[in-house]
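Encoded as structure tokens, the structure appears first; notes follow it.
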Amino acid sequence: MMRWLSEWWRGGTAAVEPASMHDAARLAQLHGASFARGWGEGEFESMISERNTLVHRLRLGRKTIGFAVSRTGADEAEILSIAVDGAYRGRGLSRTLLMTHLGHLAGRGVRTIFLEVEENNQPARRLYAGCGFVVVGRRDRYYKQPDGEQLNALLMRRDLS
């Protein structure tokens with residue numbers, strides 16, 4: 001009973017679901033609030049419609065508060081982007097989103113997953129390491145900031161079995 005009350009008080013139970021065209025505007029809004037160069041609604045519509053792209057939304061109650069996007073090829077996938085609304089970070093929801101997304105990738109026959117993360121993004125690095133990703137490379141000056149600063153990216157990998 002207490003768990004139900006606490007979930008209700010926080011806004012509902014978290015659910016990870018396939019995104020639809022109706023979600024594109026909200027996903028673009030979330031991406032723009034989370035990254036220096038946001039993706040537009042049209043970019044999300046294209047990704048949602050592609051067969052080799054998997055897009056999930058994270059819903060809390062009726063509100064979409066996050067997403068994960070991956071592109072697959074053969075038995076590999078690359079996580080292109082993952083974000084959770086800043087007001088809902090620090091609650092373990094990113095882990096729920098990522099692990100559910102990885103499970104769906106495994107269900108599609110994906111065996112190896114890659115991603116890039118900005119070297120100084122400690123919360124994201126902790127999330128990925130906690131979900132089994134390891135650093136396998138580095139790309140110098142990969143991310144360009146609006147002020148012109150260029151930040152390094154770490155290439156991370158996780159094998160699914």
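Predicted model, so just to flag it, every value in this text is computed and none were measured.
Cluster annotation: I113 is connected to V135 through the hydrophobic network of ILVMFWY side chains, with a link wherever side-chain heavy atoms come within less than 4.5 Å. Hydrophobic clustering of Ile, Leu, Val, Met, Phe, Trp and Tyr side chains at less than 4.5 Å, counting indirect connections, unites L127 with M99. Residues M47 and V110 do not share a hydrophobic cluster, defined by chaining ILVMFWY side chains whose heavy atoms lie under 4.5 Å apart. L58 and L102 fall within a single hydrophobic cluster, where Ile, Leu, Val, Met, Phe, Trp and Tyr side chains are chained together by heavy-atom contacts under 4.5 Å.
When only modelled atom types and interatomic distance are considered, S70 and R108 share no side-chain donor-acceptor pair under 3.5 Å. Remark: the T100 side chain and the H56 side chain contain no N/O donor-acceptor pair separated by less than 3.5 Å.
One finds the CG atom of L93 at 12.5 Å from the CZ atom of R95 (value rounded to the nearest 0.5 Å). Going from atom CG of L54 over to atom NE2 of H104 covers 7.5 Å, rounded to the nearest 0.5 Å. R138 contributes atom CZ, which lies 7.0 Å from atom CG of L154 (distance to the nearest 0.5 angstrom). Remark: E78 CD to L155 CG distance equals 8.5 Å, nearest 0.5 Å. One distance of note links CZ of R71 with OG of S81; it measures 12.0 Å at 0.5 Å rounding. Distance check: T64 OG1 to D85 CG gives 10.5 Å after rounding to the nearest 0.5 Å.
With hydrogens and angles ignored, the 3.5 Å screen pairs no side-chain donor or acceptor of T53 with any backbone N or O of I48. Using a distance-only test at 3.5 Å, with no hydrogens or angles considered, a donor-acceptor pair links the side chain of S49 to the main chain of S46. Listed for the R125 side chain is a donor-acceptor partner under 3.5 Å among the backbone atoms of E119. Under a 3.5 Å cut-off, the side chain of E118 and the backbone N or O of N120 do form a donor-acceptor pair. Judged by distance alone, with hydrogens and angles left aside, the side-chain atoms of R26 form no donor-acceptor pair with the main-chain N or O of I65 at under 3.5 Å. Using modelled atom types, one side-chain atom of D23 and one backbone atom of S20 make a donor-acceptor pair closer than 3.5 Å.
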Going through the distances and angles, do L115 and I82 end up as a side-chain contact (heavy atoms from CB on, under 4.5 Å)? CA-CA 10 Å; L115 61 83; I82 183 168; over 6 Å; no

Salt bridge (charged side-chain N to carboxylate O under 4.0 Å, His left out) between R111 and E76, worked out: CA-CA 6 Å; R111 300 174 59 106; E76 294 183 351; over 6 Å; no

Let me see the working for L98 and I79 under side-chain contact (heavy atoms from CB on, under 4.5 Å), right down to the final yes or no. CA-CA 10 Å; L98 179 57; I79 294 178; 3.6 Å; yes

Go through the steps to decide whether V55 and L27 satisfy the test side-chain contact (heavy atoms from CB on, under 4.5 Å), and finish with yes or no. CA-CA 10 Å; V55 184; L27 302 185; 3.9 Å; yes

Starting from the C-alpha separation in whole Å, work towards a yes-or-no answer on side-chain contact (heavy atoms from CB on, under 4.5 Å) for C131 and M156. CA-CA 11 Å; C131 290; M156 300 185 81; over 6 Å; no

I'd like to know whether R57 forms a salt bridge (charged side-chain N to carboxylate O under 4.0 Å, His left out) with E17, so could you lay out the CA-CA distance, the side-chain angles of the two residues, the decisive distance to 0.1 Å, and finally the verdict. CA-CA 5 Å; R57 69 177 183 177; E17 310 163 322; 2.6 Å; yes

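Taking every heavy atom of both residues into account, S34 and V84 meet most closely at OG-O, 4.3 Å. Residues G109 and D75 approach most closely at O-CB, 3.6 Å, considering heavy atoms. Taking both residues in full, the closest heavy atoms of V117 and A124 are given as CG2-CB, 3.7 Å, listed atom of the first, atom of the second, then distance. Across every non-hydrogen atom of A24 and E45, the tightest pair is CB-CG, 3.5 Å. In terms of heavy atoms, G132 sits closest to R158 at O-CG, 3.7 Å. Across every non-hydrogen atom of L60 and A14, the tightest pair is CD1-N, 3.6 Å.
In this structure the side chain of L80 reaches within 4.5 angstrom of the side chain of W39, judged on heavy atoms. Using a 4.5 Å heavy-atom threshold, the side chains of S94 and R126 count as separate. Contact check for K63 versus R59: no side-chain heavy atoms found under the 4.5 Å cut-off.
Not less than 6.0 angstrom separates the ring centroid of F133 from the ring centroid of F114.
Ring geometry for F67 versus F44: interplanar angle over 60°, hence perpendicular rather than tilted (30 to 60°).
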